[in-house]
Amino acid sequence: QVQLVESGGGLVQTGGSLRLSCAASGLTFSSYAMGWFRQAPGKEREFVAAVSWSGDSTIYADSVKGRFTISRDNAKNTVYLQMNSLKPEDTAVFYCAAGVRYGPSSRWYDYWGQGTQVTVSS
């Protein structure tokens with residue numbers, strides 16, 4: 001059974017940093033592209049970042065480019081999202097996802113975690 005478990009969310013002030021982690025089990029981790037998505041209250045889920053199977057390629061939403069960094073450790077079956085210079089508009093539930101296709105579309109991801117709350121206070 002595939003499981004993706006996010007951690008690292010919390011409450012942070014504007015300008016602060018958080019590092020999200022997503023531990024995967026039940027799948028051949030290195031065979032899956034990994035993505036982070038987020039959903040704010042009253043809004044649709046949106047793409048944040050994705051990393052390719054080997055980790056040598058990444059893509060970001062324009063809203064987080066230059067502030068967030070996605071990375072993965074295939075030896076630990078874990079993907080990370082380092083978030084710096086956080087803004088109140090980053091407040092959302094963040095989800096990690098695994099898919100055989102690499103890209104920004106949520107339809108390309110087959111497995112999803114339960115989400116972790118990130119709240120940025122002004």
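- Comment: D62 engages K65 in a salt bridge, judged by a side-chain N to carboxylate O separation of less than 4.0 angstrom.
- Among all heavy-atom pairs drawn from Q82 and S17, the shortest one is NE2-CB, 4.0 Å.
- Each of L27 and Y80 belongs to its own hydrophobic cluster when Ile, Leu, Val, Met, Phe, Trp and Tyr are linked at side-chain heavy-atom distances under 4.5 angstrom.
- For the side-chain contact (heavy atoms from CB on, under 4.5 Å) criterion with C96, the lone passing option out of L4, L81, T78, T116 is L4.
- Note: the hydrophobic cluster containing L20 does not contain V5 (ILVMFWY, side chain heavy atoms under 4.5 Å, direct or indirect links).
- Across every non-hydrogen atom of S63 and R38, the tightest pair is OG-NH2, 3.5 Å.
- Linking Ile, Leu, Val, Met, Phe, Trp and Tyr residues whenever their side-chain heavy atoms come within less than 4.5 Å places V79 and L18 in a single cluster.
- Taking all atoms of both residues into account, the shortest heavy-atom contact from R67 to L86 is NH1-CA, 3.9 Å.
- With a 4.5 Å cut-off on side-chain heavy atoms, V118 and M83 count as touching.
- Note: D73 CG to S30 OG = 11.5 Å, rounded to the nearest 0.5 Å.
- One N or O on the side chain of N74 and one on the backbone of W53 form a donor-acceptor pair closer than 3.5 Å.
- Scanning both residues, Y32 and V100, for their nearest heavy atoms gives CE2-CG1, 3.8 Å.
- One hydrophobic cluster, built from ILVMFWY side chains closer than 4.5 Å, holds both W108 and I59.
- Not one N or O on the side chain of R101 forms a donor-acceptor pair closer than 3.5 Å with the backbone of R107.
- E6 contributes atom CD, which lies 5.0 Å from atom SG of C22 (distance to the nearest 0.5 angstrom).
- To the nearest 0.5 angstrom, S25 atom OG is 8.0 Å from Q1 atom CD.
- Ring-plane geometry between W112 and F37 is classed as tilted, the angle between the planes lying from 30 to 60 degrees on a 0 to 90 degree scale.
- No side-chain donor-acceptor contact under 3.5 Å links Y95 to the backbone of G35.
- F29 is not connected to Y109 by any chain of hydrophobic side-chain contacts under 4.5 Å among Ile, Leu, Val, Met, Phe, Trp and Tyr, and they are in different clusters.
- Across all their heavy atoms, A40 and T91 have their closest contact at CB-O, 3.6 Å.
- Side chain of S85 to backbone of G15: no donor-acceptor contact under 3.5 angstrom is found.
- To the nearest 0.5 angstrom, M34 atom CE is 11.5 Å from S71 atom OG.
- Pairing each heavy atom of Y102 with each of S57, the nearest pair is OH-OG, 3.0 Å.
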